[in-house]
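Only this structure's heavy atoms are used, side chains among them; waters, hydrogens and symmetry mates stay out. Naming convention: chains lettered A, B, ... in sequence-line order (proteins, then strands); numbering from 1 in each chain.
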2 protein chains.
Amino acid sequence: MSKTKPSSLVIVDDHKLLASSLEKLINSFPNFNVLYHVGNGAELQHQLEAHAEIPDIILLDVNMPIMNGYETLTWLTANYPSIKVLALSMDDDEDVILKMLRRGAKGYLLKDIHPDKLEEALIEVVKNGYYHSEKVASTLLQSLHTEREEEQPEFKEKEITFMKLASTEMTYKEIAKEMNLSPKTVDGYRQDVFNKLKVRNRIGMVIYALKHKYVEL
Amino acid sequence: MSKTKPSSLVIVDDHKLLASSLEKLINSFPNFNVLYHVGNGAELQHQLEAHAEIPDIILLDVNMPIMNGYETLTWLTANYPSIKVLALSMDDDEDVILKMLRRGAKGYLLKDIHPDKLEEALIEVVKNGYYHSEKVASTLLQSLHTEREEEQPEFKEKEITFMKLASTEMTYKEIAKEMNLSPKTVDGYRQDVFNKLKVRNRIGMVIYALKHKYVEL
DNA sequence: AGAAGAAACAGGAAAAATCCCTATTTAAAG
DNA sequence: CTTTAAATAGGGATTTTTCCTGTTTCTTCT
């Protein structure tokens, strides 16, 4: 029998089904027990402020309504720095991972991991204070190479208008008419924008515009 | 003691963490036991064809790689019509729900439901053969009002591949090379897809592909 | 007023996309 | 073994996009 006393957990995830079943799963691990689970960061605040019981570890979902993973984590590191937070997320998006780790997460778990990995992660966190899966680790290493994102270019009003219109099925001729400009002028905008974005064609520009919220779906 | 013998389940979900913990949760319900879980439809096929053991109920995730919920369900209703399938999904998108129900799902569960609801759903399915949560039911009712918009068109594998590639900066010539097809064939796909979507040009297609999650940003 | 720089506009041409119609070749069905 | 249907291609024309290089117009500063 191990003589270490079990570590306590709290789960924060809006998918109640996952949260509940995760609770069962973790309780089946030796040396770990889940105190309770909540559906978002705000609820967690309430609980922590009311409850005296502070968990050793928090499993924190990144994508939540009300108060998402970022905010919650920021608040936690500020108010309860001793709690070890493991981020839990669906996607292995580089930026998301980095964001969470920079804000103090002790690890980043993908939701499609094998349960054994979860237990391994929990044990690691208790022992070493952190855990990183191979996949996340490699994503991070890769991000070191991928030259830190060059700053976003600036756009003039007209260029933004153009981008928005170009993100529809209109032809440039129609866009010109819409903007009360010569097609050639619009072509000038196009060229400028392409250069700033370093894209080959209109598709690339549209993708950029969507990614950076200049237009919405 | 209930004298009914327990119903057997199989879980199909690529989120292994959810699948495993869900298994634990369900096994804790009286009268239900999980036989095993798999990560996608293809695996399920293998299992069913090998294993003699046919479950009473299958919990089927909609969004999976390899062989998604639609295909899997179609295959199931064709080959194992006696198995009751409950669709499990993150989003309450009307079209998705309808698609699954039309293909024979006995119910549609959102992943953020309360565990009690899950048990309730399982019990209902065993008793009545179907289950619909209030939320899904209301979504469906609403869809009766919201003038049924024309069905989403169906796409062939190649067309989907094409759409994905066309949602990048590649030219059609490059896409053709990538797909090992003549540019003319690719042009044929383009025309077909344009017609199905009623779009004027590639931009329209890309927007559609993004909206309907054929590609991600 | 005159110079400088930005914004608008244009010519010309190649590449790509779009459209329409037809013809194989292959796979499925009867 | 035909008949059909689907997938694959080709020809050829038009429009649109893309690129490169200029000119004109407007604004602003001194």
Side-chain angles (χ1 to χ4, degrees), chain A residues 151-212 214-215 217, chain B residues 45 67 70-71 74-75 77-79 103 150-212 214-215:
Chain A
E151 58 234 70
Q152 307 305 336
E154 301 274 329
F155 296 104
K156 316 220 167 81
E157 275 313 309
K158 293 279 185 69
E159 289 174 338
I160 294 178
T161 308
F162 163 71
M163 256 201 287
K164 286 181 177 169
L165 293 173
S167 300
T168 71
E169 294 187 39
M170 294 168 93
T171 67
Y172 291 141
K173 205 189 292 184
E174 291 167 340
I175 293 174
K177 199 167 289 176
E178 177 72 29
M179 294 178 74
N180 291 315
L181 290 170
S182 152
K184 283 300 185 178
T185 306
V186 168
D187 187 54
Y189 292 153
R190 183 195 56 71
Q191 196 120 354
D192 289 344
V193 174
F194 278 22
N195 287 334
K196 288 185 188 174
L197 300 183
K198 301 202 230 324
V199 296
R200 289 171 71 189
N201 55 37
R202 192 167 160 181
I203 303 293
M205 180 175 64
V206 171
I207 302 278
Y208 178 96
L210 283 163
K211 260 187 188 153
H212 295 77
Y214 285 100
V215 288
L217 274 182
Chain B
Q45 283 187 330
M67 187 170 167
Y70 304 133
E71 304 170 54
T74 308
W75 181 82
T77 42
N79 297 74
R103 293 180 192 212
E150 60 274 46
E151 304 277 309
Q152 302 306 335
E154 299 276 332
F155 297 103
K156 321 238 164 79
E157 275 313 310
K158 292 281 183 70
E159 289 174 339
I160 293 177
T161 308
F162 163 70
M163 257 201 286
K164 286 181 177 168
L165 293 173
S167 301
T168 71
E169 293 187 39
M170 293 169 92
T171 67
Y172 291 143
K173 205 188 291 183
E174 291 167 339
I175 293 174
K177 199 166 291 177
E178 176 72 28
M179 294 178 75
N180 291 315
L181 290 170
S182 151
K184 281 299 185 179
T185 307
V186 168
D187 188 55
Y189 293 152
R190 184 196 55 70
Q191 195 114 358
D192 289 344
V193 174
F194 278 22
N195 287 334
K196 288 184 188 175
L197 300 182
K198 301 203 230 324
V199 297
R200 292 172 68 190
N201 54 36
R202 191 166 158 181
I203 304 293
M205 180 175 65
V206 170
I207 302 278
Y208 178 95
L210 283 164
K211 262 189 187 153
H212 294 78
Y214 286 101
V215 287

Student: Rounded to whole Å, how long is the line connecting atom CD of B/E174 with atom C1' of D/dT18?
Tutor: 14 Å
Student: Rounded to whole angstroms, how far apart are NZ on A/K156 and P on D/dC26?
Tutor: 19 Å
Student: In Å, rounded to the nearest 0.5 Å, how long is the span from CE of A/M205 to CZ of A/R190?
Tutor: 8.5 Å
Student: In whole Å, I'd like the distance from the NZ atom of A/K173 to the P atom of D/dT17.
Tutor: 9 Å
Student: Using whole Å, report how far CZ of A/F194 lies from P of D/dT16.
Tutor: 16 Å
Student: So do the side chains of B/R200 and A/T171 get within less than 4.5 Å of each other, counting heavy atoms only?
Tutor: yes
Student: Between B/R200 and A/K184, which is nearer to the 5' end of DNA chain D once each is assigned its nearest nucleotide?
Tutor: B/R200
Student: Using a cut-off of strictly less than 4.0 Å, decide whether A/Y189 has a side-chain nitrogen or oxygen near OP1 or OP2 of C/dA8.
Tutor: yes
Student: Start at the 5' end of DNA chain D and walk down; is the nucleotide closest to B/N201 or to B/K158 reached first?
Tutor: B/K158
Student: What is the distance, to the nearest angstrom, from the CD1 atom on B/I160 to the P atom on D/dA7?
Tutor: 13 Å
Student: Whole Å only: how far is the CG atom of B/N180 from the P atom of D/dA9?
Tutor: 10 Å
Student: Any side-chain N or O of B/Y172 below 4.0 angstrom from OP1/OP2 of C/dA15?
Tutor: no
Student: B/D187 near the nucleic acid: base, sugar-phosphate alone, or nothing, with a heavy-atom cut-off under 4.0 Å?
Tutor: base
Student: At under 4.0 Å, does any side-chain N or O of B/T185 touch on OP1 or OP2 of D/dA7?
Tutor: no
Student: At under 4.0 Å, does any side-chain N or O of A/S182 touch on OP1 or OP2 of C/dA10?
Tutor: yes
Student: Which is true for A/R190 with a 4.0 Å heavy-atom rule: it touches a base, it touches only sugar-phosphate, or it touches nothing?
Tutor: base
Student: Whole Å only: how far is the CD1 atom of A/I175 from the C1' atom of D/dT17?
Tutor: 11 Å
Student: Quick check: does any side chain N or O of B/K196 sit under 3.5 Å from a backbone N or O of B/E154, one acting as donor and the other as acceptor?
Tutor: yes
Student: What distance do B/M163 atom CE and B/L210 atom CG have between them, rounded to the nearest 0.5 Å?
Tutor: 10.5 Å
Student: Can you check the B/E157 CD to D/dA7 C1' distance for me, whole Å?
Tutor: 15 Å
Student: Would you compute the distance between atom CG of B/D192 and atom CG of B/D187 and round it to the nearest 0.5 angstrom?
Tutor: 9.5 Å
